[in-house]
Number of protein chains: 2
Amino acid sequence: MALIHAILSALSERACSGYDLAKQFDGSVGFFWKATHQQIYRELTRLEEKGLVSAEIISQEGRPDKKLYRVTERGRKFLADWIAQPSSMSPVKDELLVKLFAGHLVEKGIIIAELERHRHQHLERLSAYRQIEQKYFADPQALDLDEKFRYLTLRNGIGYEQEWLAWCSEAIAFLS
Amino acid sequence: MALIHAILSALSERACSGYDLAKQFDGSVGFFWKATHQQIYRELTRLEEKGLVSAEIISQEGRPDKKLYRVTERGRKFLADWIAQPSSMSPVKDELLVKLFAGHLVEKGIIIAELERHRHQHLERLSAYRQIEQKYFADPQALDLDEKFRYLTLRNGIGYEQEWLAWCSEAIAFLS
DNA sequence: TCACGCATGTAATCCGTTACATGATTCC
DNA sequence: GGAATCATGTAACGGATTACATGCGTGA
């Protein structure tokens, strides 16, 4: 029930084509809401039918035309209404934890290797976040309000990855 | 692609009816993989067709019959093979972060109130986890290997909730 | 010439959610 | 009498995933 909201949120940052949006969902918004290009094109069509976004066809030289989507006033109101509604914490869905739950069915070394692999992945993700932080959010207090909100989502990601790193290390030590 | 694995993981702990499983998915496994009873009954039927679980009908007095499901040898091997395959970190999917991303569209007070509501929810979840920890995992080093793995999933949940609490507080302070 | 980036879509399948449906027992 | 618990399912719909499909331009 929230992909349309994620798309409107991403579009409210700036007007985008479906293609541009798909790339945004592979970074920035994509760090906390995933979507494939097929989902995006389908939803954009529906959003246009409902009048929540408007499309403008842009002719380009040497490249296929593109449809530039913009959030309409109605779309902005629709999004704002959704944001204002209280919601519950999103459920966790994590494969690694499912694996651990039945971890005794395989050799301990396999689990430890998997934990180390994940530790490494979270480390890489964390350093990517840190680079974004240094590049765009060096002085948080000086940011505009909209940037402050984006900054907070990044801070959430940083804390999340740090916590995973700490847990992986704890788990490896505990099992060794 | 992992609901069947989550069901097999839960069933590998002990034989269960569909009804029992549905309750387990509302706690323990359910803390990191959600499933409704309809999903569970559907998957159990399929798992039985594939020979990964076997069912035994138990007649009960004063209560409807129940089907007790057990993981078969093939099922155990199927699960173990899946666990041994390396996997990537599970994607995050979080509504609150989507809301924040476009948070400038509503009054700041609405966002702060939402952050406070979430802070409270995470606090409650954390204290539930802490109670489980004290009750069943008071002496972690003394646990059997299978219990150690469950303990680690709980430790993950505790760290996760603590991190969310810290972030909510940081975000509220930052916006105030 | 071959891969990659830009740009948009259809089709099929599977997973998840919600509502509907039944029926006995136990506890307040 | 009504709500909650035990126990299992069907039906309909909508969301997500994957594969298939096209076609031009640019740079190695």
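So that the names make sense, note that chain A is the first sequence line, chain B the second, and so on, each numbered from 1.
Terminal axes of the helix from C:dT1-D:dA28 to C:dC28-D:dG1 (five pairs each, C1' rotation axis) are separated by 30°, to the nearest 10°.
The aromatic rings of A:W164 and A:H122 lie parallel to each other, their planes meeting at an angle below 30°, with 60° marking the opposite boundary. Ring planes of B:H5 and B:F78: parallel class, angle under 30° (limits at 30 and 60°).
For B:Y151 and B:Y136, the ring centers sit 6.0 Å or farther from each other.
If you measure from atom CD1 of A:I57 to atom P of C:dA7, you get 14 Å, rounded to the nearest angstrom. Rounded to an integer number of Å, the gap from A:Q39 CD to C:dA11 P is 18 Å. Remark: C1' of D:dT17 and CG of A:D26 are 15 Å apart, rounded to the nearest angstrom. B:L47 places its CG atom 11 Å from the P atom of C:dC15, with the value rounded to the nearest Å. Here the P atom of nucleotide C:dT18 and the CD1 atom of B:I40 are 15 Å apart, to the nearest Å. Distance A:E43 CD to D:dA16 P: 7 Å, rounded to the nearest Å. In this structure, the CZ atom of B:F25 is 14 Å from the C1' atom of C:dC15, given to the nearest Å. As a whole-Å value, the separation of B:I58 CD1 from D:dC6 C1' is 15 Å.
Note that CD1 of A:I111 and CG of B:L145 are 9.0 Å apart. Values are rounded to the nearest 0.5 Å.
Here the rule is salt bridge (Lys or Arg N to Asp or Glu O under 4.0 Å) with B:R46, and of B:E48, B:E43, B:E49 only B:E43 fits it.
For B:K23 and D:dC6, the shortest distance from a side-chain N or O to OP1 or OP2 is below 4.0 Å.
A:E56 and A:K67 are not joined by a salt bridge, as no carboxylate oxygen comes within less than 4.0 angstrom of a charged side-chain nitrogen. A salt bridge between A:E73 and A:R76 is present, with a side-chain N of the basic residue lying under 4.0 Å from a carboxylate O of the acidic one.
The main-chain N or O of A:S87 is found under 3.5 Å from a side-chain atom of B:H118 such that the two form a donor-acceptor pair. Of the possible polar contacts, one joining the A:E147 side chain to the A:D144 backbone as a donor-acceptor pair under 3.5 Å is found.
Shown here is A:R117, whose CZ atom has more than 12 heavy atoms of other residues, nucleotides or ligands within 6.0 Å.
With B:F174 as the aromatic partner, A:K148 meets the cation-pi criteria of under 6.0 angstrom to the ring centre and within 45 degrees of the ring axis.
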Assign a letter to each nucleotide of nucleotides 8-14 of chain D from its 5' end: B, base within under 4.0 Å of a protein heavy atom; S, sugar-phosphate only; -, no contact. BBB----
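Contacts between residues 85-100 of chain B and DNA chain C, defined by a heavy-atom separation under 4.0 Å, are absent.
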